[in-house]
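Lettering follows sequence order; numbering is per chain, from 1. Not measured: the values here are computed from a predicted model.
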Amino acid sequence: MNNLHILEKMNIPLFRQDLISWFEKEQRDLPWRKDKNPYKVWVSEIMLQQTRVDTVIPFFNRFMEWFPTLEELAEADEEKVLKAWEGLGYYSRVRNLQSAVREVAAEYNGVVPDTLEAISKLKGVGPYTAGAILSIAYGKPEPAVDGNVMRVLSRILLIEEDIAKPRTRKTFEEAVRRLIDETHTSSFNQALMELGAMICTPGTPACLLCPVREHCEAFAEGVQSRLPVKNQQKKTRDVPIAAAVISNSRNEILIRKRPSKGLLANLWEFPNYEVHASVATKRESFRQQFQEQLQVIPQLGEHLISIDHTFSHLVWKMEVFLGKAEEVSENIMNSHQMKWVAESEVEGYAFPVSHQKIWKAYQLLKSQSTNQR
DNA sequence: TACCCGTGGCT
DNA sequence: TAGCCAAGGGT
């Protein structure tokens with residue numbers, strides 16, 4: 001019933017040899033490939049989810065400096081862990097990682113489990129990550145099917161299922177189970193991904209450089225450029241936001257912690273509100289909602305910056321103002337997870353990229369006004 | 001299943 | 001340039 005009939009006419013031993021030989025010779029020198037420490041493999045796989053290698057490298061190196069061992073990550077403050085992830089995106093990844101690491105420390109004596117059943121129960125470890133850790137760190141013959149693997153194998157095996165559909169991953173897992181070299185599971189799985197990243201790329205694959213093109217059905221048919229089949233994703237929607245950098249008479253800055261669930265969970269931000277359609281201006285919308293929430297009237301000053309920030313599924317259309325406020329009651333501050341912090345301490349907190357831009361604009365404005373004096 | 005969840009580079 | 005894309009998982 002599936003589309004794996006091409007496997008029956010493949011020379012699988014030769015395919016393995018061609019693929020692994022290429023990988024052993026051409027693989028990139030990446031920091032998480034220096035050894036097969038399961039903790040390091042785990043961290044790298046979480047960071048690499050939906051994220052480019054070049055983006056991950058500096059984050060991985062710093063993360064290993066801050067949290068060199070599983071135990072040190074388990075014992076770290078969440079604030080510091082989020083700061084280590086600041087700018088990397090998909091922040092629930094690192095909260096799930098620390099939660100899972102704590103479970104490993106407590107329940108498995110600090111040893112990352114080496115069975116599919118146990119490792120799959122850990123928070124943030126799905127089918128791909130489970131297979132990646134087991135095959136790379138422990139030499140287990142488990143498939144690790146990511147976007148690269150689906151693209152590569154859709155071409156080699158001429159599979160035309162829509163890779164955007166979750167169920168399709170099972171087809172490729174079955175293909176890998178039949179193809180994998182059980183004596184070189186780490187190199188085999190990584191080679192499929194490396195090939196997808198370096199040669200068998202989405203737009204125009206470099207088939208003339210491909211070590212396995214003689215095994216590739218799509219190349220033989222000349223149809224590699226229209227594979228894999230993938231439907232388009234939905235468009236983003238705009239969310240109008242009014243924000244402000246609010247200071248008090250002691251030159252402290254008002255920040256607040258975002259809710260523990262949802263977008264940018266547990267990160268810090270400058271006070272901001274979604275603008276209702278009924279309000280004439282974003283400045284007025286901020287003033288109204290700030291006053292309603294904190295029982296204090298803010299003195300809003302000049303416009304600081306406009307920022308359009310695109311997420312995977314929505315766009316913040318932000319207008320940011322300067323402002324001053326005083327005497328917010330402590331109860332209200334606490335109930336909204338707000339606090340005043342000295343300007344020199346702001347950067348100690350983990351902010352989403354959009355709010356890092358706000359802070360940079362604020363500091364630039366201050367430095368300019370200082371220079372003019 | 002469909003949607004939520006970030007960011008930055010590329011074409 | 002506006003989308004597309006990148007070593008996915010949770011709900």
TODO: Describe the nucleic acid contact of G196(A) in one word from base, sugar-phosphate, nothing, applying a heavy-atom distance below 4.0 Å.
DONE: nothing
Task: Any donor-acceptor pair under 3.5 Å from E78(A) side chain to Q98(A) backbone - done: no
Open item on the list: Main chain of E182(A), side chain of R16(A): is a donor-acceptor contact present, judged purely on distance under 3.5 Å?
Closed with: no
TODO: Kindly say if R167(A) contacts the phosphate of dT1(B), meaning a side-chain N or O under 4.0 Å from OP1 or OP2.
DONE: yes
TODO: Please work out if R258(A) contacts a base, only the sugar-phosphate, or nothing of the nucleic acid, heavy-atom cut-off 4.0 Å.
DONE: nothing
Task: T69(A) and E72(A) side chains, donor-acceptor separation under 3.5 Å - done: yes
- [ ] Figure out the CG/P separation between D162(A) and dA2(B), and round it to whole Å.
- [x] 10 Å
- [ ] Examine dT7(B): is either OP1 or OP2 under 4.0 Å from a nitrogen or oxygen in the side chain of Y91(A)? Give yes or no.
- [x] yes
Open item on the list: Starting the side chain at C-beta, find the nucleotide from dG9(C), dA6(C), dT7(B) nearest to P127(A).
Closed with: dG9(C)
Open item on the list: Classify V56(A) by what it touches in the nucleic acid, base, sugar-phosphate, or nothing, heavy-atom distance under 4.0 Å.
Closed with: nothing
TODO: Name the residue closer to the 5' end of DNA chain B, choosing between P166(A) and S92(A) according to the nucleotide with the nearest heavy atom.
DONE: P166(A)
TODO: Please state how far atom CG in N266(A) lies from atom P in dG6(B), giving the value in whole angstrom units.
DONE: 11 Å
Task: Same-atom distance (P) from dG6(B) to dT11(C), integer angstrom - done: 13 Å
- [ ] Select one nucleotide: of dT7(B), dG6(B), dG3(C), the one nearest the side-chain heavy atoms of L263(A).
- [x] dG6(B)
Task: First of R151(A) and T129(A) reached from the 5' end of DNA chain C, by closest nucleotide - done: R151(A)
- [ ] Would you mind reading off the distance between W85(A) atom CH2 and dG9(C) atom C1', rounded to a whole angstrom?
- [x] 13 Å
- [ ] Select base, sugar-phosphate, or nothing to describe what W32(A) touches, counting heavy atoms under 4.0 Å on all strands.
- [x] base
Task: Closest to the L264(A) side chain, choosing from dT1(B), dT7(B), dC5(C) - done: dT7(B)
Open item on the list: Check the phosphate of dC3(B) against H313(A), side-chain N and O only, distance under 4.0 Å to OP1 or OP2. Yes or no?
Closed with: no
Task: Separation between the P atoms of dC4(C) and dC3(B), rounded to whole Å - done: 16 Å
TODO: Could you tell me whether the side chains of W268(A) and E79(A) share a donor-acceptor contact shorter than 3.5 Å?
DONE: yes
Task: Residue D146(A), side-chain heavy atoms: nucleotide from dT7(B), dA6(C), dG8(C) that is nearest - done: dG8(C)
Open item on the list: Whether K83(A) and E86(A) form a salt bridge (side-chain N of Lys/Arg under 4.0 Å from carboxylate O of Asp/Glu) is what I want to check.
Closed with: yes
TODO: Round to the nearest Å and state the distance from R93(A) atom CZ to dC4(B) atom C1'.
DONE: 14 Å
Open item on the list: Using a 4.0 Å heavy-atom cut-off, does L267(A) contact any base of the nucleic acid, only the sugar-phosphate backbone, or nothing at all?
Closed with: nothing
Open item on the list: So does E142(A) get a backbone contact from the side chain of N189(A), meaning a donor-acceptor N/O pair under 3.5 Å?
Closed with: yes
Task: Nearest-Å distance for atom pair CG/P, residues N231(A) and dT1(B) - done: 12 Å
TODO: Describe the nucleic acid contact of R237(A) in one word from base, sugar-phosphate, nothing, applying a heavy-atom distance below 4.0 Å.
DONE: nothing
Task: 5' precedence on DNA chain C between L122(A) and R52(A) (nearest-nucleotide basis) - done: R52(A)
- [ ] Starting from C1' on dG9(C), measure out to NZ on K121(A) and report it in whole angstrom.
- [x] 18 Å
Open item on the list: Looking at the base of dG6(B), is there any donor atom on it, or on the side chain of T51(A), that sits under 3.5 Å from an acceptor on the other one?
Closed with: yes
Open item on the list: Please classify the nucleic acid contact of G203(A) as base, sugar-phosphate, or nothing, using heavy-atom distances under 4.0 Å.
Closed with: nothing
Open item on the list: Can you identify which nucleotide, out of dG10(C), dC5(C), dC5(B), has its nearest atom closest to the N96(A) side chain?
Closed with: dG10(C)
Open item on the list: Taking the minimum atom-to-atom distance to the side chain of Y128(A), which one of dA6(C), dC5(B), dG9(C) wins?
Closed with: dG9(C)
Open item on the list: Without decimals, in angstroms, what is the distance between K123(A) NZ and dG10(C) P?
Closed with: 10 Å
- [ ] Answer yes or no on whether R256(A) is positioned over the face of F290(A), meaning its NZ or CZ is under 6.0 Å from the six-membered ring centre and within 45° of the axis.
- [x] no
Task: Value in whole Å for how far the P atom of dA6(C) lies from CD of Q50(A) - done: 9 Å
